[in-house]
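Below is one structure, written out as structure tokens; comments come after it.
Not measured: the values here are computed from a predicted model. Atom set for the values below is all heavy atoms of this structure, side chains included, hydrogens, waters and symmetry mates excluded.
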Amino acid sequence: MQAPSVGGVSVRRGDGSTVVRIRRGASLSDFAERIDADPAALVTVLFHLGEMATATQSLDEDTFQLLGGELGYVIEVVSPEDEERELLAGFSIDLDAELEAEGDEQLEARPPVVTVMGHVDHGKTKLLDAIRSSDVVAKEAGGITQHIGAYQVVKEHEGVERPITFIDTPGHEAFTAMRARGAKVTDIAILVVAADDGVMPQTIEALNHAQAADVPIVVAVNKVDKEGANPDKVRQQLTEYNLVAEEYGGETMFVEVSAKQGMGLDNLLEAVLLTADASLDLRANPDKDARGIAIEGNLDKGRGPVATVLVQSGTLRVGDAIVAGVGYGRVRAMLDENGDNVEEATPSRPVQVLGLTSVPGAGDTFLAAPDDRTARQIAEKREAQERNAALAKARKRISLEDFTKALEQGKVETLNLILKGDGAGSVEALEDALLKIDVGDEVDLRVIDRGVGAVTKNNVNLAVASNAIIIGFNVRPEQQTKEYADREGVDVRYYSVIYQAIEDVENALKGMLKPEFEEVQLGTAEIREVFRSSKFGNIAGCLVRSGLIRRNTKARVLRNGVVHGDNLTIESLRRFKDDATEVREGYECGIGLGSYNDLQVDDVIETFEMQEKPRG
């Protein structure tokens with residue numbers, strides 16, 4: 001049915017319950033196609049609703065909801081998971097059908113995937129070091145794990161050698177996004193709590209992620225060898241968060257360990273395997289194309305994009321065509337955690353993959369495709385979807401009135417940032433943390449580009465064009481890039497610890513805020529006598545009661561505590577017959593307020609100045 005819409009434009013209307021599904025970052029043209037309307041008419045409708053957009057521009061969900069509400073449609077934005085399913089279905093890859101077709105005879109036991117979580121500095125990485133006997137902490141800046149790593153260890157259990165896959169999640173709170181993803185790929189979470197420190201804010205945060213992902217938890221009470229260690233206190237504290245120790249009649253296994261001394265590690269691995277056998281059915285089909293998740297990615301100078309992937313089902317082999325995130329390619333080589341070549345990776349096996357065209361993000365899905373062409377097409381489609389979603393996210397909804405008002409007030413201040421890091425997870429975590437900085441509505445922070453690897457000339461060119469600052473996290477520029485950036489006057493900053501970057505950006509934002517001024521009283525003077533002067537108008541003979549009176553400062557006149565004259569200036573100030581710059585408390589003086597002559601005895605002249613107020 002055609003019906004007149006806003007501004008007389010005719011657009012097919014819904015009945016208020018018609019559901020229209022659109023993908024993230026869709027444009028007006030996509031929406032017009034779904035409701036069989038002319039995109040130009042929708043542009044006009046939006047314009048009348050105070051929104052400006054072109055027919056091909058990616059729009060955010062709020063804008064579509066506004067438009068849908070006006071036209072009588074219920075808008076549903078497709079979730080990224082559904083989007084991925086629909087995309088793969090277009091290439092005859094149906095992941096759900098694959099799972100349904102798998103019977104017991106196809107499924108084989110796979111190793112448990114364990115995520116180590118906990119508060120910063122409670123010894124997560126030291127514990128993993130002790131388990132896999134290699135030193136990672138020494139290489140980490142500030143002793144904080146900056147990347148997600150994955151490792152496999154073998155433990156003999158009931159006479160059978162059982163592999164266990166460990167995922168090491170970063171400890172700093174800014175890496176929450178990565179940690180949450182770590183919990184999604186995991187079967188069991190080990191919650192590390194220091195016996196001398198107890199339950200801390202990030203312990204609870206990690207626990208929430210594990211519980212949200214609905215995974216069993218084994219608690220490793222670390223540092224039991226330290227003075228002041230109180231493992232029982234940890235057991236009691238965690239009962240408040242529904243983790244009741246077996247000793248207290250609960251179901252959670254608590255294992256006392258010392259990563260430093262290597263104590264209790266066997267018991268911990270034993271507890272993991274017992275928990276896996278008791279509460280989980282860990283099986284997967286190894287005889288199909290590989291599917292899984294990219295845990296981390298980085299750009300290696302000699303080897304190009306390198307992705308750490310965790311195979312979740314199927315078997316990944318050297319030579320397979322794969323898609324990981326928006327990267328694709330053939331698996332040139334696979335390496336295990338020790339850097340040794342691996343020919344194939346079965347379910348729950350983490351490996352580093354070489355041969356991709358670009359670095360996948362932490363948490364991106366990967367899959368083996370039938371051939372190179374399909375892999376490339378899936379990657380290109382994914383990239384287009386990601387780009388549209390990012391454009392929609394970057395488009396700040398602002399109505400014409402708001403925009404004009406903000407421009408008039410000079411309020412629109414934007415700090416543009418370009419982020420480069422050594423790993424996809426680090427860049428994502430840094431972006432996440434920076435976008436959470438809040439210094440009010442006057443200043444806007446926008447990440448206009450992000451990427452893995454060294455700062456390049458392209459980054460500098462973009463920074464020049466958009467007046468952006470480049471932040472490098474654990475990366476350095478090449479010499480020519482550095483010289484080019486200096487020549488173009490681009491501010492490039494380098495960090496190796498995440499919160500230094502956050503602090504600097506926060507301070508920069510505060511520096512961009514318009515200065516706030518507050519009035520500071522300088523002094524008051526009581527009028528004792530008023531002298532009439534044909535040349536200078538009325539002159540007040542005063543006694544300075546407090547502070548000091550200074551020439552050329554702002555003043556107001558108070559009569560019985562009520563302001564009688566405001567926005568005045570001390571135009572002349574004399575002590576007896578001499579001009580004075582300032583007169584202090586307890587002294588007499590003559591004050592002239594220019595053309596303001598309404599002065600009476602007992603009036604009070606108050607002087608003040610506006611001083612810049614420091615931002616909190």
inquiry  = Among Leu299, Asp300, Leu354, which residue satisfies the side chain to side chain contact (heavy atoms under 4.5 Å, CB included) criterion with Pro305?
reply    = Leu299

inquiry  = Less than 4.0 angstrom from a charged side-chain N to a carboxylate O is my criterion; do Arg162 and Glu156 meet it?
reply    = no

inquiry  = I'd like to know if Arg110 and Asp281 make a salt bridge, using a cut-off of under 4.0 Å between side-chain N and carboxylate O.
reply    = no

query = Would you find a donor on one side and an acceptor on the other, under 3.5 Å apart, between the side chain of Ser279 and the backbone of Thr275?
reply = yes

query = Any chance the side chains of Tyr495 and Asp504 put a donor and an acceptor closer than 3.5 Å?
reply = yes

remark   = Minimal heavy-atom distance between Ala220 and Ile190, with the atoms involved, is CB-CG2, 3.8 Å

message = Checking the side chain of Glu343 only, and the main-chain atoms of Val318 only, is there a donor and an acceptor separated by less than 3.5 Å?
response = no

ask   = Under 3.5 Å, is there a donor-acceptor pair between the side chain of Asn222 and the main chain of Ala259?
value = yes

ask   = Under 6.0 Å from the NZ atom of Lys155, do we count more than 12 heavy atoms belonging to anything else shown?
value = yes

key: Contact summary for Arg303 and Arg332, nearest pair of heavy atoms   = O-NH2, 3.5 Å

task = Please determine if Arg330 and Asp320 form a salt bridge, counting it only when a charged side-chain N lies under 4.0 Å from a carboxylate O.
result = no

query = Hey, is Asp486 close enough to Lys482 for a salt bridge, meaning N to O under 4.0 Å?
reply = yes

ask   = With a 4.0 Å cut-off, would you call Lys420 and Asp449 a salt bridge?
value = no

message = Could you check whether any side-chain N or O of Gln57 sits under 3.5 Å from a backbone N or O of Thr54, counting only pairs where one atom can act as donor and the other as acceptor?
response = yes

query = Under 3.5 Å, is there a donor-acceptor pair between the side chain of Asp30 and the main chain of Ser27?
reply = yes

key: Arg487/Glu483 salt bridge by N-O under 4.0 Å criterion   = no

inquiry  = Taking Thr115's backbone N and O only, do any of them form a donor-acceptor pair with Thr186's side chain (distance below 3.5 Å, no angle check)?
reply    = yes

request  = Output yes when Asp372 and Arg376 qualify as a salt bridge under the 4.0 Å nitrogen-oxygen rule, no when they do not.
outcome  = no

query = So among Arg382, Gln312, Arg291, which one has a side-chain hydrogen bond (donor to acceptor under 3.5 Å, both in side chains) with Thr365?
reply = Arg382

task = Mind listing the closest non-hydrogen atom pair of Ala424 and Pro360 along with its distance?
result = CB-O, 3.2 Å

message = Can you confirm whether more than 12 heavy atoms, excluding those of Glu33, are under 6.0 Å from its CD atom?
response = no

request  = Indicate the atoms forming the closest heavy-atom contact of Ala379 with Val326, along with that distance.
outcome  = CB-O, 3.6 Å

Sequence-distant partners of Asp340, salt bridge (Lys or Arg N to Asp or Glu O under 4.0 Å), two or more places apart = none

ask   = Quick one: side chain to side chain contact (heavy atoms under 4.5 Å, CB included) partners of Leu280, sequence neighbours excluded?
value = Asp187, Ile188, Pro216, Leu282

task = Examine distances only and state if a side-chain atom of Thr203 and a backbone atom of Gly118 form a donor-acceptor pair shorter than 3.5 Å.
result = no

message = Would the distance check show the side chain of Ser348 and the main-chain N or O of Pro111 forming a donor-acceptor pair, the cut-off being under 3.5 Å?
response = yes

key: Set of residues satisfying side chain to side chain donor-acceptor pair (under 3.5 Å) with respect to Ser358, sequence neighbours excluded   = none

Residue pair Asn298 / Gly423: nearest heavy atoms and the distance that separates them = CB-CA, 4.3 Å

inquiry  = I'd like to know if the side chain of Ser29 and the backbone of Ala55 have a donor-acceptor N/O pair within less than 3.5 Å.
reply    = yes

